[in-house]
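Note that the structure is a prediction, hence the values are computed from the model and not measured.
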Amino acid sequence: MTSVENISFFQKVYAVVHKIPRGRVTTYGAIASYLGSKSSSRMVGWAMNHSHQADPGLPAHRVVNRQGMLTGKHHFGGNHIMQQLLENEGIKITDDQVMDFKKIFWDPGREV
DNA sequence: TTGCTGACCGACG
DNA sequence: CCGTCGGCCAGCA
């Protein structure tokens with residue numbers, strides 16, 4: 001009742017991403033699953049595409065794919081921008097891949 | 001109005 | 001092991 005409201009699917013996506021603690025990352029599938037549809041992971045990615053204009057300041061760089069790979073790095077206006085942001089939070093990135101991904105992985109609706 | 005695409009994931013052959 | 005396909009919601013031509 002406090003976590004979910006009468007909002008659209010991708011509106012929830014923004015809410016979850018905003019809840020991601022600093023130094024942590026989550027996945028599209030985790031968010032989609034948290035929303036009730038794991039198959040909607042594509043919509044999560046689509047939502048992030050417009051996140052910059054729909055909700056500026058959204059830590060979309062904390063959202064990666066299931067492999068912990070920075071798939072949407074080129075959507076930040078650069079190729080290493082997303083990596084710089086993650087490293088700025090203490091997250092190590094190697095070959096566009098998050099190190100200790102499982103350790104810094106933040107599960108929405110679980111730790112919250 | 002119809003159809004396609006999208007920063008994915010999981011299953012099937 | 002690797003390639004292919006379906007699924008979910010929303011925006012755009």
Side-chain angles (χ1 to χ4, degrees):
Chain A
M1 212 110 25
T2 53
S3 304
V4 291
E5 297 183 22
N6 297 347
I7 52 180
S8 300
F9 181 88
F10 74 88
Q11 290 289 342
K12 299 177 183 176
V13 177
Y14 299 138
V16 173
V17 176
H18 268 293
K19 291 173 184 171
I20 302 175
R22 180 176 176 276
R24 296 278 178 143
V25 292
T26 189
T27 65
Y28 303 95
I31 297 173
S33 181
Y34 172 66
L35 299 180
S37 298
K38 61 172 185 165
S39 304
S40 304
S41 47
R42 288 204 309 187
M43 279 96 268
V44 179
W46 175 89
M48 308 309 295
N49 186 11
H50 280 238
S51 61
H52 290 280
Q53 50 188 355
D55 224 337
L58 188 79
H61 58 275
R62 293 179 186 158
V63 185
V64 294
N65 66 353
R66 197 58 179 179
Q67 305 173 9
M69 182 177 273
L70 313 180
T71 49
K73 61 178 183 179
H74 48 261
H75 282 271
F76 283 81
N79 289 0
H80 54 287
I81 303 300
M82 187 174 186
Q83 180 175 340
Q84 291 288 302
L85 291 170
L86 291 171
E87 290 183 332
N88 189 28
E89 297 186 353
I91 301 175
K92 302 300 193 310
I93 309 296
T94 300
D95 192 21
D96 297 333
Q97 188 172 309
V98 179
M99 299 185 68
D100 299 318
F101 167 66
K102 296 177 63 177
K103 296 179 182 178
I104 64 178
F105 172 69
W106 178 81
D107 192 348
R110 180 173 178 175
E111 297 187 16
V112 110

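A/Met48 places its CE atom 15 Å from the C1' atom of C/dA10, with the value rounded to the nearest Å. If you take CZ of A/Arg42 and P of B/dT5, they are 10 Å apart, rounded to a whole angstrom. Remark: P of B/dA7 and NE2 of A/His74 are 6 Å apart, rounded to the nearest angstrom. For the pair A/Met43 CE and B/dA7 C1', the computed distance is 12 Å after rounding to whole Å. We find that CZ of A/Phe9 is positioned 18 Å from P of B/dG6, with the value rounded to whole Å. The distance between atom NZ of A/Lys12 and atom P of C/dA10, rounded to the nearest whole Å, is 10 Å. Computed from coordinates, the A/Gln11 CD to C/dG11 C1' distance equals 14 Å when rounded to whole Å. Note: CH2 (A/Trp46) to C1' (C/dC8) measures 13 Å, nearest angstrom.
Here CG of A/Asn49 is found 12.0 Å from CZ of A/Phe10. Values are rounded to the nearest 0.5 Å.
At a threshold of 4.0 angstrom between heavy atoms, the contacts of A/Ser51 include nucleobase atoms, whether or not backbone atoms are also involved. As judged by a 4.0 angstrom heavy-atom cut-off over every strand, A/Ser37 is placed among residues making no nucleic acid contact. Looking at heavy-atom distances under 4.0 Å, A/Asn65 makes contact with sugar-phosphate atoms alone, never a base.
Counting heavy atoms from C-beta on, the side chains of A/Trp106 and A/Val16 come closer than 4.5 Å. Considering only heavy atoms from C-beta on, A/Ile31 stays 4.5 Å or farther from A/Lys12 through its side chain. For the pair A/Met43/A/Leu35, no side-chain contact is recorded, criterion being any heavy-atom separation below 4.5 Å from C-beta on.
For the side chain to side chain donor-acceptor pair (under 3.5 Å) criterion with A/His61, the lone passing option out of A/Gln83, A/Glu89, A/His75 is A/Glu89.
In this structure, of B/dG10, C/dC9, B/dA7, it is B/dG10 that holds the atom nearest to the side chain of A/Arg66.
Positionally, the nearest nucleotide of DNA chain C for A/Ser39 lies more toward the 5' end than for the other of A/His50 and A/Ser39. The 5' end of DNA chain C is approached more closely, in terms of each residue's nearest nucleotide, by A/Lys38 than by the other of A/Phe10 and A/Lys38.
Using C1' as the reference atom, B/dA7 and C/dC2 are 23 Å apart when rounded to the nearest Å. One P atom belongs to B/dT1, the other to C/dC8, and the distance between them is 23 Å to the nearest Å. Distance check on atom P: B/dC8 versus C/dC1 gives 23 Å, rounded to whole Å.
A single hydrophobic cluster is not seen to contain both A/Met69 and A/Tyr28; linkage of ILVMFWY side chains at heavy-atom distances under 4.5 Å, directly or through other members, places them apart.
Applying a 4.0 Å cut-off to non-hydrogen atoms, none of the residues of residues 77-109 of chain A approaches DNA chain B.
As a member of the Ile/Leu/Val/Met/Phe/Trp/Tyr network built from side-chain separations under 4.5 Å, A/Ile93 groups with A/Val25, A/Val64, A/Leu70, A/Phe76, A/Ile81, A/Met82, A/Leu85, A/Leu86, A/Ile91, A/Val98, A/Phe101, A/Ile104, A/Phe105.
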